[in-house]
Amino acid sequence: MTPNQSSDRPLGVAAIGYAFMGKAHSNAWRNVASFFDVPAIEQKVLVGRDADQVADAAARYGWAESATDWRGVLERADIDIVDICAPGWLHAEIAIAALAAGKHVLVEKPLANTMAESDAMVTAAQEARTRGVQSMVGFNYRRVPALALARELIAEGKIGTVRQVRASYLQDWLADDQSPMTWRLRQETAGSGALGDIASHAIDQIQHLLQDTVTDVTGTLHTFIPSRPGPHGTEQVTVDDAAWATLTLAGGAIASVEVSRVALGRKNSLQLEIFGSTGSLAFDLENINELRFFDGTSPIRQQGFSRILVTEPEHPYLEAWWPQGHVIGWEHTFTHQIRDFLTAISTGSAPSPSFEEGLQVQRVLNAIQESAAAKNTLVHVPTT
Ligand code: SOE
């Protein structure tokens with residue numbers, strides 16, 4: 001419930017942004033109640049800058065209306081939830097205004113473009129929480145069933161004490177040097193490049209899987225293609241194409257993170273390998289339904305990575321979908337995310353990842369940038 005909501009009507013949802021993420025989130029809003037037992041919602045309004053395009057998207061994605069003025073939408077009493085799918089430079093302004101207006105907020109990752117914006121968002125979220133208004137960051141890979149299972153297995157001690165993690169997130173959509181400029185390649189709109197866009201997922205996963213916090217980092221950033229064709233001629237790229245980092249966690253584990261948007265042949269490959277004292281786990285987003293498990297306590301003659309097909313009703317989120325063996329996909333992670341967000345709202349509990357957790361990822365990203373600027377020196381990640 002929200003402070004605004006009369007208890008007998010569905011929660012009214014507004015989404016801001018209708019591009020890639022707006023489409024993925026809309027799909028999830030549209031199907032969540034068909035599969036999960038969640039409070040009733042209504043897809044009230046989709047907001048975007050171009051009136052014709054947003055009207056078209058709203059009609060296709062199941063929204064009752066479209067609008068171009070997000071501020072006007074925040075004034076509406078029939079809107080209880082605001083889902084921010086707009087680019088990073090808009091996150092702070094919209095989220096802070098929505099929370100002040102008493103709307104629950106889901107915001108796409110990364111939390112914001114700068115530390116100052118992230119801090120301001122956390123302050124707003126903490127104040128809103130005292131009024132029963134909730135907020136969450138969209139690190140959707142927390143809701144991949146195989147990764148949720150990995151977290152459970154680690155917490156149950158199935159691989160012993162985690163010593164080492166290898167994380168990589170490789171894409172190649174920018175490998176072509178004629179690929180045009182976008183908002184994702186300008187520092188003022190995206191904050192950073194591969195670092196904020198995809199290393200943020202890897203860092204969130206590492207901290208989430210290990211239930212631990214990064215304390216120190218080293219980092220290297222690289223821009224392979226420093227200028228690209230824009231609508232009015234060549235433009236400078238002001239963010240990284242690729243990033244490398246080493247992380248030390250409070251509990252003693254170490255991790256490596258390697259991300260790229262120019263890794264030819266790798267389309268959207270998030271890989272995680274977690275090595276513990278008695279076993280290991282391995283995951284690859286390109287095989288989203290699978291988790292590999294190595295049990296170092298089994299007799300040596302039968303040791304080897306086994307493949308867990310994560311489609312059983314006993315596995316996280318899977319009971320709601322299809323009979324065992326009937327695989328699910330990338331889009332389902334967004335449905336799970338909205339399911340968890342709505343459940344938290346209806347039970348009055350704080351959803352996770354909170355803005356505080358999003359801020360912690362920002363601190364790690366910021367420390368990696370500082371390390372890269374200081375030629376890969378060790379940088380401590382502050383906790384406040
Ligand atoms: C683009 O590189 C992107 O869409 C990210 O922004 C998403 O968070 C990731 O899931 C896939 O790649």
Side-chain angles (χ1 to χ4, degrees), residues 15-28 83-91 106-113 118 136-148 167-176 179-187 189-209 221-225 228 237-243 257-272 283-289 328-338 341 353 357-358 361-362 364-365:
I16 301 177
Y18 56 91
F20 181 19
M21 279 305 121
K23 186 175 180 180
H25 283 229
S26 297
N27 179 55
D83 181 3
I84 305 170
C85 305
W89 90 89
L90 293 166
H91 286 185
L106 172 60
V107 64
E108 249 309 310
K109 48 55 56 178
L111 183 65
N113 282 2
S118 306
M136 186 169 120
V137 192
F139 282 114
N140 60 303
Y141 294 133
R142 289 195 181 192
R143 274 81 188 187
V144 173
L147 287 173
S168 59
Y169 199 154
L170 305 176
Q171 303 177 335
D172 72 358
W173 62 281
L174 287 174
D176 180 354
S179 178
M181 275 306 281
T182 83
W183 67 267
R184 289 180 185 272
L185 298 176
R186 293 187 196 101
Q187 204 213 323
T189 46
S192 64
L195 183 71
D197 187 28
I198 49 181
S200 60
H201 277 302
I203 292 160
D204 181 62
Q205 274 301 323
I206 292 167
Q207 298 193 125
H208 184 62
L209 288 171
L221 304 178
H222 198 77
T223 307
F224 295 97
I225 301 153
R228 290 184 179 273
V237 171
T238 47
V239 300
D240 56 283
D241 290 325
V257 175
E258 189 180 343
V259 297
S260 175
R261 291 159 155 179
V262 297
L264 263 180
R266 297 289 179 212
K267 301 299 167 185
N268 194 38
S269 172
L270 169 63
Q271 296 194 26
L272 290 150
F283 170 80
D284 181 350
L285 187 63
E286 291 181 356
N287 298 309
I288 194 170
N289 292 276
I328 64 166
W330 179 82
E331 70 276 25
H332 294 73
T333 63
F334 294 93
T335 306
H336 300 161
Q337 174 167 281
I338 284 170
F341 185 53
E357 289 169 89
V361 173
Q362 296 300 126
V364 177
L365 298 174

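Residue numbers count from 1 along this sequence. Remember, it's 1-based here, ligands and their atoms both numbered in the order they're listed. For clarity, every value in this text was computed on a predicted model and none was experimentally measured.
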Inset, instruction - Apply ring-ring contact (aromatic ring centres under 6.0 Å, His included) to H332 and list each qualifying residue two or more places apart in sequence or on a separate chain. - result: W321
Inset, instruction - Please confirm whether the backbone N or O of A86 pairs with a side-chain atom of H91, one donor and one acceptor, at under 3.5 Å? - result: yes
Legend entry - Electrostatic pair K109:D204 at N-O distance under 4.0 angstrom: no
Inset, instruction - Answer yes if the ring centres of F20 and W330 are under 6.0 angstrom apart, and no otherwise. - result: yes
Inset, instruction - Anything with a heavy atom under 4.0 Å from ligand 1 counts, so go ahead and list those protein residues by chain and number. - result: F20, K109, Y141, Y169, Q171, W173, R184, D197, H201, N268
Legend entry - Charged N-O contact under 4.0 Å between D172 and K267: yes
Inset, instruction - Please work out whether the ring planes of F334 and H25 are parallel, tilted or perpendicular, with thresholds of 30° and 60°. - result: tilted
